[in-house]
Amino acid sequence: MTPMRVKAENYGPYKSFDWEVPEGLTAVVGVNQLNQGVNSNGSGKTKMLEAIPLALFGPSLPWSEYLSAGNPDATCVIELEFQHANHLYRVRRTYVGKGRGKTVLDFERFDDDAWVTLTQERQDETQSLIERTIGLTESTFSHSVF
C-alpha cells in the first residue's frame, strides 16, 4: 500500500490541504512561516501524517478532537488516495459536527478512467473491505509504520 495523495478539510490546524506524497518519502520537515528563526514545532507535520491512518482505519479519539479549533459544527473531511496491487484506491471519511454528529465512509477504486464505488451498505462492512484490500489491520499498520 503506497499513499499517493492526502487531502483534508477542517482538520487539526488546517482549514484545508492537498498533499501529493513524494515517492520515496523518508522525512517531513516543517518551516515556521511566522518566524523564520524559530524551529518548526507545532507546524502540523505529525497531524498531516496522522491523516493517513485516520483515513484508512477511522478515529482513535472522538471526532471533535480532529476538527479545526473553534468550529464544533464544522464538516471534517479526510481523503487518502493510495496504490495497491496495481490499482488506485480512494478512502474518504467525513464527519459532520452539527447536531449529534454524523460520519460517512466512502471507498472507491479507479477503473477505466472513472471512480467506481466499493462502499458497502454499512460502515463496518466497508471498513472490513478496506482492511482485506490492503491486507492490514489498524494494529498491524501502526506497529509496522509508526
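All figures in this text were calculated on a predicted structure; none of them were measured in a lab.
Side-chain contact between Gln127 and Gln123 is absent, with no heavy atoms from C-beta onward closer than 4.5 Å. Inter-residue side-chain proximity for Phe82 and Val91 is flagged as met; some heavy-atom pair is nearer than 4.5 Å. Residues Leu67 and Tyr95 form a side-chain contact, since some pair of their non-hydrogen atoms from C-beta on lies under 4.5 Å apart.
Of all the heavy atoms in Pro13 and Lys47, the pair that sits closest is CD-CG, 3.6 Å. The two residues Ala51 and Ile78 have their closest heavy-atom pair at O-CG2, 3.5 Å.
Under a hydrophobic clustering in which Ile, Leu, Val, Met, Phe, Trp and Tyr are joined whenever their side-chain heavy atoms come within less than 4.5 Å, directly or via other members, Tyr14 and Val6 fall into the same cluster. Note on Leu54: it clusters hydrophobically with Ile134, by side-chain heavy-atom contacts below 4.5 Å among ILVMFWY residues. Follow the hydrophobic side-chain contacts under 4.5 Å out from Leu49 and you reach Phe17 in the same cluster.
The distance from the CD atom of Glu125 to the OG1 atom of Thr119 is 11.5 Å, given to the nearest 0.5 Å. Interatomic distance, CG of Asn10 versus OG1 of Thr94, reported as 11.0 Å (0.5 Å rounding). A distance of 10.0 Å separates CG in Leu80 from CH2 in Trp19, rounded to the nearest 0.5 Å. Rounded to the nearest 0.5 angstrom, Leu129 CG and Phe107 CZ are separated by 5.0 Å. The distance from atom CD of Gln120 to atom CD1 of Ile130, rounded to the nearest 0.5 Å, is 9.5 Å. Note that the CG atom of Asp124 and the CG atom of Leu105 stand 10.0 Å from one another [nearest 0.5 Å].
Residues passing the side-chain contact (heavy atoms from CB on, under 4.5 Å) test with Glu20, sequence neighbours excluded: Arg5. Here Glu108 pairs with Arg90, Arg92 under the salt bridge (Lys or Arg N to Asp or Glu O under 4.0 Å) rule; sequence neighbours left out.
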Output side-chain donor-acceptor pairs under 3.5 Å for residues 55-66, partner residues at least two apart or in another chain, one line each.
residue : atom : partner : partner atom : Å
Ser60   : OG   : Tyr66   : OH           : 3.4
Tyr66   : OH   : Ser60   : N            : 3.1
Tyr66   : OH   : Leu61   : N            : 3.2

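Using a distance-only test at 3.5 Å, with no hydrogens or angles considered, no donor-acceptor pair links the side chain of His87 to the main chain of Arg109. Of the possible donor and acceptor atoms, one in the side chain of Ser144 sits under 3.5 Å from a partner among the backbone N and O of Phe141.
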*Thr140 and Thr137: CA distance, side-chain angles, deciding distance, side chain to side chain donor-acceptor pair (under 3.5 Å) verdict*: CA-CA 5 Å; Thr140 304; Thr137 63; 3.1 Å; yes
